[in-house]
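Only heavy atoms go into these numbers, but all of them, side chains included; no hydrogens, no water, no symmetry mates. No experiment lies behind these values; they were computed from the predicted model shown. For the single chain, residues carry numbers from 1 onward in sequence order.
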Amino acid sequence: RAKNQTDHYLEHHRDPPHGLEAARARALDIQNELEQGESELSTRVEGWIRLAVSGATEKEALERAKNVERRYAPKVTVARPAGQYDLAKEFIPGEPVASVSYKRVMPVVTAAGAMPQVTAAVGHQSGFYIGHTVGAAGKQAAFWDLWRSTEILEQSGLAVILGALGCGKSWLTGTLAYQAAMSGARCTLFDPSDAGLLANLCYLPELADRSLHIDLLHTQTPGQLNPWGLVADPRPEHYDDAVHYDHAVKLAASARRTLAVDGVAMLLPEAPTKDERYALHKAARIADVAERPSPRLMIDALHTFEPDLADFIREDVALLPAAGVMFDTGTDMDYHATADMPILTVITLSGIQVPREGSTRADWTTEERLGLVRLNYCAWLAQRSIYQGDRHERKFVAFDEYHALSLIPSGLLLMNTSARDSRKFNARVTASTHSGSDVTKAGIGNLVNSVFVGQTEAPAAQREALELLRVPQGCGFEPALATLA
């Protein structure tokens with residue numbers, strides 16, 4: 001009916017009322033849920049929702065009833081009809097409905113979530129076991145189907161894991177990676193933390209012969225993190241026609257230059273001026289035409305028109321032994337998948353020095369600036385696996401310590417491309433961080449498909465977590481986040 005009414009307005013070249021458009025949009029959401037959602041969870045419940053309010057005296061009961069009305073307003077209308085005695089008898093099992101008025105229709109999970117003796121379903125009926133529920137309903141197994149959003153719902157595969165230090169973010173990531181690898185999905189984990197615990201998965205007996213651990217802090221292979229080799233080459237079979245393929249090739253070339261410019265710019269003690277950034281982009285374009293481009297060629301090109309800036313980068317950073325991993329050309333620029341790709345790859349940077357949260361750029365040391373660039377390049381190396389192999393093959397890519405990546409423009413671009421391409425390449429991508437603002441700052445809040453929240457005590461972090469969960473703020477949910485184990 002809402003659709004027909006909207007069409008009627010459009011036939012007469014008039015804008016439909018906002019309320020009618022909202023009703024039509026809600027109707028389409030319900031239709032999609034009924035057709036595409038889980039059959040049990042898409043069930044609708046018809047019923048009469050009653051709230052029993054008691055009090056020691058009639059006055060106290062009436063005051064409490066008014067308080068209930070105020071708390072639910074304006075989204076929920078609570079009415080106090082006549083015939084209170086018959087309505088009260090409805091709470092006795094076996095008694096008939098006193099009045100057929102006020103009948104409501106709602107999803108079954110909405111009704112179940114409000115009843116203490118039942119529970120709304122948590123997770124999916126298929127997928128990996130990730131734990132069990134707690135509370136009045138007792139223990140119920142919770143499963144998560146990592147690729148349901150990309151394979152069935154055709155939605156983004158981005159999941160965010162939030163929480164304070166020690167709340168279990170890495171444990172959840174490792175649990176998901178282990179089960180995904182054992183199921184045959186190709187997994188790539190990026191773990192820059194000091195402990196580097198996720199690398200232990202590579203040495204489990206059942207995965208040891210199919211895993212690869214790359215420690216990029218202690219590996220000094222020249223050019224292994226060359227930004228021109230970190231962005232995967234688009235493959236023609238991944239696109240419908242030559243026009244879209246050519247566009248993807250141009251975007252990949254632009255991403256490589258941006259990655260190189262961001263890396264070199266981050267090495268400066270202060271943010272580059274507009275003229276300096278223009279010079280870096282010009283140098284990147286010059287280096288881009290070389291047969292095997294690299295940041296070192298970019299700095300050589302920069303020296304021809306900005307010699308002081310180029311000399312500073314050479315003297316302060318580019319000659320450091322660790323810089324060769326990023327600045328040299330390297331020997332392998334072909335990153336297409338091969339048949340002998342490991343089922344599990346873990347990239348670690350244990351012991352890397354990065355700026356402290358909240359510190360200003362002027363306080364960063366040379367090692368911290370170089371560490372931040374290496375951190376970003378390593379994340380791009382992990383993200384590259386999304387585009388390897390068959391686009392329909394299941395993939396799992398996890399980024400730990402995402403808050404450090406959000407400090408760099410190309411780090412924000414990294415999560416944008418990962419979130420947007422996860423559906424097309426059937427990849428489940430997880431990002432672990434301490435604060436939801438790291439995700440919203442990247443502009444990908446609307447692309448988040450799933451959210452896991454651990455113990456969160458800071459009020460600002462609680463609000464950010466609720467925003468990603470799409471849970472109303474200021475309704476008493478914030479204290480519950482601080483009690484999570």
Engineer: Just how far is it from atom CD of Glu151 to atom CG of Asp145, taken to the nearest 0.5 Å?
Structural biologist: 7.0 Å
Engineer: Say you draw a straight line from CH2 of Trp147 to CZ of Arg394; how long is it, rounded to the nearest 0.5 Å?
Structural biologist: 5.5 Å
Engineer: Tell me the closest heavy-atom pair linking Ala177 and Leu201, and the distance in Å.
Structural biologist: CB-CD1, 4.1 Å
Engineer: Please evaluate residues Thr430 and Leu158 with respect to the criterion side-chain contact (heavy atoms from CB on, under 4.5 Å), reporting the C-alpha separation (whole Å), side-chain torsions for both, the decisive distance (0.1 Å), and the verdict.
Structural biologist: CA-CA 6 Å; Thr430 65; Leu158 177 63; over 6 Å; no
Engineer: Are any non-hydrogen side-chain atoms of Met182 and Ile343 less than 4.5 angstrom apart?
Structural biologist: no
Engineer: Do Tyr239 and His247 get their side chains close enough for a donor-acceptor pair, meaning under 3.5 Å?
Structural biologist: no
Engineer: Kindly give the heavy-atom pair with the smallest separation between Val346 and Cys202, and that separation in Å.
Structural biologist: CG2-SG, 3.5 Å
Engineer: Less than 4.5 Å apart, any side-chain heavy atom of Ser54 and any of Arg64?
Structural biologist: yes
Engineer: Using atom types as modelled and distance alone, determine if a side-chain donor or acceptor of Arg391 lies under 3.5 Å from a backbone N or O of Lys424.
Structural biologist: yes
Engineer: Can you name the closest pair of heavy atoms from Tyr377 and Ala260 and give their distance?
Structural biologist: OH-CA, 3.7 Å
Engineer: Looking at Ala427 and Thr150, what are the two nearest heavy atoms and their distance?
Structural biologist: O-CG2, 4.0 Å
Engineer: Return the OG to CH2 distance between Ser101 and Trp48, rounded to the nearest 0.5 Å.
Structural biologist: 10.0 Å
Engineer: Please check: side-chain N/O of Glu276 versus main-chain N/O of Thr273, any donor-acceptor pairing under 3.5 Å?
Structural biologist: yes
Engineer: Given side chains that start at C-beta, do those of Phe452 and Ile130 come closer than 4.5 Å, heavy atoms only?
Structural biologist: yes
Engineer: Any carboxylate oxygen within less than 4.0 angstrom of a Lys/Arg side-chain nitrogen, looking at Arg186 and Glu393?
Structural biologist: yes
Engineer: Is any side-chain N of the basic residue among Glu467 and Arg463 closer than 4.0 Å to the acidic one's carboxylate O?
Structural biologist: no
Engineer: Can you tell me how far CH2 of Trp364 sits from CG of Leu267, rounded to the nearest 0.5 angstrom?
Structural biologist: 11.0 Å
Engineer: Does Arg428 qualify as a cation-pi partner of Phe396, given the criterion of NZ or CZ under 6.0 Å from the six-membered ring centre and within 45 degrees of its axis?
Structural biologist: no
Engineer: Run the side-chain contact (heavy atoms from CB on, under 4.5 Å) test on Thr365 and Glu368 for me, step by step, so that the C-alpha distance in whole Å, both residues' side-chain angles and the decisive distance to 0.1 Å come before the verdict.
Structural biologist: CA-CA 5 Å; Thr365 65; Glu368 288 175 338; 3.3 Å; yes
Engineer: Between Phe425 and His392, is any pair of side-chain heavy atoms under 4.5 Å apart?
Structural biologist: no
Engineer: Which atoms form the tightest heavy-atom contact between Gln473 and Leu466, and what is the distance?
Structural biologist: CG-CB, 4.1 Å
Engineer: Check the pair Val261 / Thr258 against side-chain contact (heavy atoms from CB on, under 4.5 Å), numbers first and verdict last.
Structural biologist: CA-CA 5 Å; Val261 169; Thr258 300; 5.8 Å; no
Engineer: How long is the gap from CG on Leu204 to OH on Tyr178, to the nearest 0.5 Å?
Structural biologist: 6.5 Å
Engineer: Classify the side-chain pair Glu464/Ser435 by whether it contains a donor and acceptor separated by less than 3.5 Å.
Structural biologist: yes
Engineer: Looking at side-chain heavy atoms only, is the closest gap between Leu153 and Arg148 below 4.5 Å?
Structural biologist: yes
Engineer: Answer yes or no: is there an ion pair linking Arg80 with Glu69, defined by an N-O contact shorter than 4.0 Å?
Structural biologist: no
Engineer: Between Glu90 and Arg50, is there a side-chain N and carboxylate O pair less than 4.0 Å apart?
Structural biologist: yes
Engineer: For the side chain to side chain contact (heavy atoms under 4.5 Å, CB included) test, which of Val397, Ile347, Thr348, Thr345 pairs with Phe190?
Structural biologist: Ile347
Engineer: Would you say the side chain of Pro227 lies within less than 4.5 Å of the side chain of Pro295, judging by non-hydrogen atoms?
Structural biologist: yes
Engineer: Any side-chain heavy atom of Pro17 within less than 4.5 Å of one from Tyr9?
Structural biologist: yes
Engineer: Hey, does the side chain of Arg256 reach the backbone of Val231 with a donor-acceptor pair shorter than 3.5 angstrom?
Structural biologist: yes
Engineer: Can you confirm whether Tyr278 is buried at OH, in the sense that more than 12 heavy atoms of other residues, nucleotides or ligands lie under 6.0 Å from that atom?
Structural biologist: no
Engineer: So does Cys187 get a backbone contact from the side chain of Lys395, meaning a donor-acceptor N/O pair under 3.5 Å?
Structural biologist: no
Engineer: Check this for me, if you would: do Asp262 and Arg277 make a salt bridge, where the nitrogen-to-carboxylate-oxygen distance has to be below 4.0 angstrom?
Structural biologist: yes
Engineer: State, with a plain yes or no, whether a side-chain heavy atom of Tyr102 is found less than 4.5 Å away from one of Pro81.
Structural biologist: yes
Engineer: Any chance you could lay out the side-chain contact (heavy atoms from CB on, under 4.5 Å) test for Leu212 and Leu344, step after step, and finish with the verdict?
Structural biologist: CA-CA 6 Å; Leu212 175 64; Leu344 172 65; over 6 Å; no
Engineer: Are the side chain of Gln462 and the backbone of Glu457 linked by a donor-acceptor contact shorter than 3.5 Å?
Structural biologist: yes
Engineer: For the residue pair Gly445 and Leu468, what are the closest heavy atoms and their distance?
Structural biologist: CA-CD2, 4.4 Å
Engineer: Taking only Lys NZ, Arg NE, NH1 and NH2, and the carboxylate oxygens of Asp or Glu, determine whether Glu46 and Lys103 approach each other closer than 4.0 Å.
Structural biologist: yes
Engineer: Do Asn449 and Ser156 get their side chains close enough for a donor-acceptor pair, meaning under 3.5 Å?
Structural biologist: no
Engineer: Rounded to the nearest 0.5 Å, what separates atom CD1 in Ile161 from atom NZ in Lys169?
Structural biologist: 9.0 Å
